[in-house]
Amino acid sequence: MTKKVRAKKSFGQHFLKDETVCEDLVAKLSGKGYESIIEIGPGMGVLTKYLIQKPEPTYVIEVDNESVDYLLLHYPQLAQRVIHADFLRIPFTEMFQGQVAVVGNFPYNISSQILFKILDHKDQIPEAGGMFQKELAQRVASQPGSKAYGVISVLMQAYYDIEYCFTVLPHVFDPPPKVDSGVIWLKRKENQDLGCDPKQFKTVVKQAFSQRRKTLSNALKPLLKDKTDWKEMEIFRLRAERLSVADFVGLTKYIYEQN
């Protein structure tokens, strides 16, 4: 029996050891709309063990040499589906064809970047979810009016329905993180057409939250240019955190004069 993999701080590794949590997480997979499953950062495969019981083929992406060796030894059925790489650097559309679900006990130091990569490839990812630092999980799932609501909330919710599933305490990890964790689940919305230009939408959202303590009249000034009628509009008296996705779509159409 191979010794356990040593958790490495540089990779943000905290290995999940509670199998009930793994079962609950894997149970969130719908089995609909995707042909394969990608697990990011499998470590020693405690989650992998349940994923490979699913009918869809599971691919695991792992950057740590030691973890890759462990997985190849203990999960020989994955021999052709262990990808030794950094998920953030892989050419996703070249490596995966068709629709895929993405799951994982995500490394906390890069988890927001993972979410944005999922968003970049939303056309291929109808479903995604897993373990995040609780603060980030709450931010992604938070609603307008919450202090946690921000850029990542709006951009992810524009394309995915998001569920905050449950909180996981530090003692179920080895080594235990210093913070609580949260499981969230993303399901792609059927209608992916925002009704405005997606790049312009992203620009407006980021600019609106760039000075989140100020009203939109101040935060969006660089985008308003020579417009004058906005001064009479109620929405510009609000802060970004009060606006829904639909509100941001309306702002984008107004700023860029889209019909």
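Residue numbers start at 1 and run along the sequence shown.
- Placement of Y159 and L243 within a single hydrophobic cluster is found when ILVMFWY residues are connected by side-chain heavy-atom separations under 4.5 Å, directly or transitively.
- Sorted by first and then second residue, the ring-ring contact (aromatic ring centres under 6.0 Å, His included) pairs involving residues 171-191 (not counting sequence neighbours) form an empty list.
- Legend: residues meeting ring-ring contact (aromatic ring centres under 6.0 Å, His included) with F96, ordered by chain and number and at least two apart, are Y59, F92.
- Of the residues I40, V26, L29, the one that meets the side-chain contact (heavy atoms from CB on, under 4.5 Å) test with V103 is L29.
- A donor-acceptor pair shorter than 3.5 Å cannot be found between the side chains of N65 and Y70.
- Scored by the side-chain contact (heavy atoms from CB on, under 4.5 Å) test, V68 finds E62, L72, V82, H84 as partners (sequence neighbours excluded).
- Contact annotation: the side chain of D180 never approaches that of V168 to less than 4.5 Å [non-hydrogen atoms, C-beta and beyond].
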| field | side-chain hydrogen bond (donor to acceptor under 3.5 Å, both in side chains) assessment of S181 paired with Y108 | value | CA-CA 9 Å; S181 305; Y108 294 168; 2.3 Å; yes
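- Using a 4.0 Å cut-off between a side-chain N of Lys or Arg and a carboxylate O of Asp or Glu, E127 and K32 do not qualify as a salt bridge.
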Identify each donor-acceptor pair in which a side-chain atom of residues 41-49 lies under 3.5 Å from a protein atom, sequence neighbours left out, and give them as a table.
{"from": "T48", "atom 1": "OG1", "to": "E39", "atom 2": "OE1", "distance (Å)": "2.6"}
{"from": "K49", "atom 1": "NZ", "to": "E19", "atom 2": "OE1", "distance (Å)": "2.9"}
{"from": "K49", "atom 1": "NZ", "to": "E19", "atom 2": "OE2", "distance (Å)": "2.8"}

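- Considering all non-hydrogen atoms of both residues, P126 and Q99 come closest at CD-OE1, 3.6 Å.
- Residues P222 and Q207 share a closest heavy-atom pair of CG-NE2, 3.6 Å.
- The side-chain heavy atoms of W230 and I255, taken from C-beta on, include no pair separated by under 4.5 Å.
- Shown here for A208 and A219, the closest heavy-atom pair between the two residues is O-CB, 3.6 Å.
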| message | Could you walk me through whether V21 and N105 satisfy the side chain to side chain contact (heavy atoms under 4.5 Å, CB included) test, starting with their C-alpha distance in whole Å, then the side-chain angles of each, then the deciding distance to 0.1 Å, before giving a yes or no? | response | CA-CA 11 Å; V21 173; N105 172 26; over 6 Å; no
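- Cluster membership check: L78 does not share its hydrophobic cluster with I61, using side-chain heavy-atom separations under 4.5 Å among Ile, Leu, Val, Met, Phe, Trp and Tyr.
- Residues V102 and L71 fall into different hydrophobic clusters, defined by Ile, Leu, Val, Met, Phe, Trp and Tyr side chains chained together at heavy-atom separations under 4.5 Å.
- One finds no salt bridge joining K147 and E241 here, because no Lys/Arg side-chain nitrogen approaches an Asp/Glu carboxylate oxygen to under 4.0 Å.
- In terms of the ring-ring contact (aromatic ring centres under 6.0 Å, His included) criterion, Y149 has no residue partners (sequence neighbours excluded).
- Contact annotation: the side chain of I184 never approaches that of E163 to less than 4.5 Å [non-hydrogen atoms, C-beta and beyond].
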| task | Apply side chain to side chain contact (heavy atoms under 4.5 Å, CB included) to the pair L115 and L186, showing each step before the final yes or no. | result | CA-CA 10 Å; L115 283 169; L186 288 65; 4.2 Å; yes
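- Shown here for P107 and I114, the closest heavy-atom pair between the two residues is CD-CD1, 4.1 Å.
- Residues satisfying the ring-ring contact (aromatic ring centres under 6.0 Å, His included) criterion with F248, sequence neighbours excluded, are F209.
- L251 is not listed as a side-chain neighbour of D247, based on a closest heavy-atom distance of 4.5 Å or more.
- Taking 4.5 Å as the limit, some side-chain heavy atom of I162 sits within range of a side-chain heavy atom of M156.
- Closest non-hydrogen pair, K231 versus R237, comes out as O-NH2, 3.8 Å.
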| Residue pair R188, Q124: steps toward the side-chain hydrogen bond (donor to acceptor under 3.5 Å, both in side chains) verdict | CA-CA 10 Å; R188 190 175 61 201; Q124 276 187 269; over 6 Å; no
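- Taking CG of L220 as the reference point, atom CZ of F236 lies at 6.0 Å (rounded to 0.5 Å).
- When side chains are defined from C-beta on, K189 does not count as touching Y160, because their heavy atoms never get closer than 4.5 Å.
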| field | Residues T203, Y256; criterion side chain to side chain contact (heavy atoms under 4.5 Å, CB included); working and verdict | value | CA-CA 11 Å; T203 297; Y256 292 97; 3.7 Å; yes
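- One distance of note links CG of N109 with CD of Q133; it measures 10.0 Å at 0.5 Å rounding.
- Put simply, the side chain of F201 reaches to within 4.5 Å of the side chain of V249, judged on heavy atoms.
- Under a hydrophobic clustering in which Ile, Leu, Val, Met, Phe, Trp and Tyr are joined whenever their side-chain heavy atoms come within less than 4.5 Å, directly or via other members, Y75 and L51 fall into different clusters.
- Two residues are said to be in side-chain contact when any heavy atoms from C-beta on lie closer than 4.5 Å; R239 and K214 fail this criterion.
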| request: Determine, stepwise, if the pair K202 / L155 fulfils side chain to side chain contact (heavy atoms under 4.5 Å, CB included). | output: CA-CA 7 Å; K202 188 175 181 179; L155 296 183; 4.1 Å; yes
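- For K54, the NZ atom is densely surrounded, since the number of other residues' heavy atoms within 6.0 Å is greater than 12.
- Taking both residues in full, the closest heavy atoms of E94 and Q97 are given as O-NE2, 3.1 Å, listed atom of the first, atom of the second, then distance.
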